[in-house]
Structure formats: structure tokens, C-alpha cells
K.L.:
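Below you will find the structure I want to go over with you.
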Amino acid sequence: MSVKAVVVAIGAGIAAFLGIGLGVTEITGHWVAYPQFLGLPAGFVTGAVATIGVALKLTDDTSDGRPDLAGAMGGFAVGLVGGILIAAGTIFGAVSSLAVGVVLGLAVAIAVARYR
């Protein structure tokens, strides 16, 4: 496995962890006293599954369609993390910065899948 594949897999895992962890924490914050106890495990499991899934799809013995999916997922990861960091540095809150990250992540994923 190349260094690029490892970086893309880890990026996808971090993006999934942040996206699901923040989302679950913010959504359940109105109903649960400590929503982090729901958001962190949900984000951890999702991040682990995303990292393993992308790493398996980027190995050298995959079929032709798998690297495209893994590349799009990695592009989504980069766009999500970048969007969250950019939006968090401005006036946006946690939920708004997550929305900006998702939109930017989808745009990068579509661009990677289309022009790869």
C-alpha cells in the first residue's frame, strides 16, 4: 500500500469521525445530559469503518471500480475537514461549520470521481 493510500484512508477516517461525532453530539444535545458520550463512540466506530473500508479498497489487488469510490471518499474527507476548519475560523457555529464541510466535501468528492 502506498503512502498516498494510507493518507487518504486516514483522512477519510478522521472526516467520518468528525462528521458523525459532531452530528450525533449536536443532534442529541437537546435530549441527553452528556451528548459527547453518544457522539464520541459513534464517531469512533464510523471513523474506524471508513478508514478500514478505504484502505481495503485502495490496495493493489482491487478491481477497476473500487479505487474510484475510495478516491471519492478520500476527496470527501479532505473537503469535509477543510470546510469545517475554514468555517470554524469564521462566525459559524458547530452545526453550520459541519454543513459547510459536508457541502465542500461533496463538491470535492464529485470532482474527484468525475475527473479522475
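It should be emphasised that the depicted structure is a prediction, and the values quoted were computed from it without experimental measurement. Below, all heavy atoms of this structure are taken into account, side chains as well, without hydrogens, waters or symmetry copies.
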K.L.:
Can you name the closest pair of heavy atoms from Gly39 and Thr25 and give their distance?
P.N.:
CA-OG1, 3.3 Å
K.L.:
CD1 of Ile27 to CG of Leu38: how many Å apart, nearest 0.5 Å?
P.N.:
11.5 Å
K.L.:
Can you hop from Ile10 to Leu18 via hydrophobic side chains spaced under 4.5 Å?
P.N.:
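In one cluster with Ile10: Leu18, yes.
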K.L.:
Which atoms form the tightest heavy-atom contact between Pro35 and Thr28, and what is the distance?
P.N.:
CB-OG1, 3.5 Å
K.L.:
Same cluster for Phe37 and Phe17 if Ile/Leu/Val/Met/Phe/Trp/Tyr side chains link at under 4.5 Å?
P.N.:
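Different hydrophobic clusters.
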K.L.:
Report whether Val102 and Ile20 are members of the same hydrophobic cluster (ILVMFWY, side-chain heavy atoms less than 4.5 Å apart, transitive linking).
P.N.:
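No, Val102 does not connect to Ile20 through the hydrophobic network.
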K.L.:
Rounded to the nearest 0.5 Å, what separation is found between the CG atom of Leu40 and the OH atom of Tyr34?
P.N.:
14.5 Å
K.L.:
Give the minimum heavy-atom separation between Glu26 and His30, together with the two atoms involved.
P.N.:
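Glu26 and His30 have their closest heavy atoms at O-CD2, 4.1 Å.
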K.L.:
Over all heavy atoms of both residues, which pair between Ala16 and Ala50 is shortest? Give the atoms and the distance, please.
P.N.:
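Looking at all heavy atoms of both residues, the closest pair is CB-CB, 3.8 Å.
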K.L.:
For Val24 versus Ala42, what's the shortest heavy-atom pair and its separation?
P.N.:
CG2-CB, 4.1 Å
